[in-house]
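A short write-up of the structure that comes next.
The sequence lines fix the lettering, A, B, ..., with proteins before strands; numbering per chain opens at 1.
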There are 2 protein chains.
Amino acid sequence: MRVDQETDAIERLAYAGGRLTRARRLIARTAAQLHGAFTIDTLAERVRVTDAASGANATVYRAVAAMERAGFLTRVGERGGHALFARCSTRGHHHHIVCETCGRVAHADCPLTQAIEASNAQGFRITRHEVTMYGLCPECAARTGS
Amino acid sequence: MRVDQETDAIERLAYAGGRLTRARRLIARTAAQLHGAFTIDTLAERVRVTDAASGANATVYRAVAAMERAGFLTRVGERGGHALFARCSTRGHHHHIVCETCGRVAHADCPLTQAIEASNAQGFRITRHEVTMYGLCPECAARTGS
DNA sequence: ATCCAAGTGAGAATGATTCTCACGTAAGCC
DNA sequence: GGCTTACGTGAGAATCATTCTCACTTGGAT
């Protein structure tokens, strides 16, 4: 089977040196097609539509973990108890805005520089922080009415 | 059994009109004694130390949910897959800084006003956000060395 | 072409949280 | 002080996302 060069590049990128198996190729391709944030079970369902044999939950979970390690996917929040992932290879520290309706994802600069300084002033040493904003993307906001 | 007035007031406050049962009294009293953030199973263990019959997990989960509804406790983050709660009746929108070592909790003003405005400028309508900072409180930072 | 470590898949296990259901008991009412 | 009943309790089962196990398969280096 000949593989389209761009697709092949995406698949290789997704696993950063890991093995490219039939399942992993399909999972990466499917993840790249999904626009915005998705849950792992949504991804697994889509994979199974194309190839029922390659969508075992455990395999998709492992592939997503590998793609996260490779910096191809990022955990961008959660919805209804399911972790949300999105393709994000943007470098540098930043945060995500997730549309609650359609899952579209936008980037936001880190607003905490000052907050961390203020905390340091209180004697705290901040080592880690989490910021996620949820809302409506421009399209969904327009659809919902002003 | 006579009940200390302040303790009684705390217990009543914790459930905001809900029933005051033996188990609920003990759970509220125990939660009030824990300094900083705690997980529900830690709270349940402490409760069982005082009264083995009043510390059923389900009961503690329900009591915590009730105290959260009443605004007596707040979910302030998570640690190792367990939700972290802390006593917090501070009014007004704010966020929490949780010491990763001892669980001490401090408050932080919301640093997102500007970020939300920036997002609105992108056309997003932010409806909800989560901010948690983790780190070391002054004491734990000192103990760990500079 | 061969080899073997990495990957796969089916299903079991894990583990926090929630639910069920029979029983107990606060608290309003007399 | 008793009566009533809706709310709370407790033991254990259920739920459900995620991870693990283990025998089998396969990519890809040599």
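Rounded to an integer number of Å, the gap from D41(B) CG to dT17(C) P is 8 Å. Rounded to whole angstrom, the span from the CD1 atom of I40(A) across to the C1' atom of dT19(D) amounts to 11 Å. To the nearest angstrom, C1' of dG8(D) lies 12 Å from CZ of R69(B). Between the C1' atom of dG8(D) and the CZ atom of R22(B) lies a distance of 14 Å, rounded to the nearest Å. Distance E78(B) CD to dT18(D) P: 13 Å, rounded to the nearest Å. Rounded to whole Å, the distance from CD on E11(B) to P on dA26(C) is 13 Å. Look at OH on Y15(B): it is 12 Å from P on dA27(C), rounded to the nearest Å. Protein atom CZ of R75(A) is 8 Å distant from nucleotide atom P of dT18(D), rounded to whole Å.
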Derivation of the side chain to side chain contact (heavy atoms under 4.5 Å, CB included) call for R22(B) and D51(B): CA-CA 10 Å; R22(B) 161 192 283 271; D51(B) 177 7; 3.7 Å; yes

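Between R24(A) and dG7(C) there is a side-chain polar atom (N or O) within less than 4.0 angstrom of OP1 or OP2. Of the side-chain N and O atoms in T21(A), one or more sit less than 4.0 angstrom from OP1 or OP2 of dT8(C). Distances shown here put every side-chain N or O of Y61(A) at or beyond 4.0 Å from the OP1 or OP2 atom of dT19(D).
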Nucleotide-level pairing of DNA chain C, given in dot-bracket where Watson-Crick and G-U pairs need both distances under 3.5 Å and | marks other strands: ||||||||||||||||||||||||||||||

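A ring-centre distance under 6.0 Å is found for H107(B) and H96(B).
If you check every strand for non-hydrogen atoms under 4.0 Å, A63(B) touches nothing.
Under the 4.0 Å criterion applied to side-chain N and carboxylate O atoms, E11(A) and R29(A) are assigned as salt-bridge partners.
Scanning for salt bridge (charged side-chain N to carboxylate O under 4.0 Å, His left out) contacts around D41(B) gives an empty result, with sequence neighbours left out.
Nearest-nucleotide positions on DNA chain C for G18(B) and H82(B) put H82(B) closer to the 5' end.
For the atom pair CZ of R125(A) and SG of C99(B), the computed distance is 10.0 Å after rounding to the nearest 0.5 Å.
Side-chain contact check for R48(A) versus S54(A): every heavy-atom pair is 4.5 Å or farther apart. Counting only heavy atoms from C-beta outward, the side chains of F72(A) and L13(A) approach each other to under 4.5 Å. Side-chain atoms of F38(A) and T30(A), non-hydrogen and from C-beta on, never get closer than 4.5 Å to each other. Between F85(B) and T74(B), the closest side-chain pair of non-hydrogen atoms is not below 4.5 Å.
Between the base of dG10(D) and the side chain of R62(B) there is a donor-acceptor pair shorter than 3.5 Å. On a pure distance criterion of 3.5 Å, a polar donor-acceptor pair joins the side chain of R19(B) and the base of dA6(D).
Within residues 42-59 of chain A, the residues that have a heavy atom under 4.0 Å from DNA chain C are, in order of number, A53(A), S54(A), A56(A), A58(A), T59(A).
V60(B) and M67(B) fall within the same hydrophobic cluster, where Ile, Leu, Val, Met, Phe, Trp and Tyr residues are linked whenever their side-chain heavy atoms come under 4.5 Å apart, directly or through other members.
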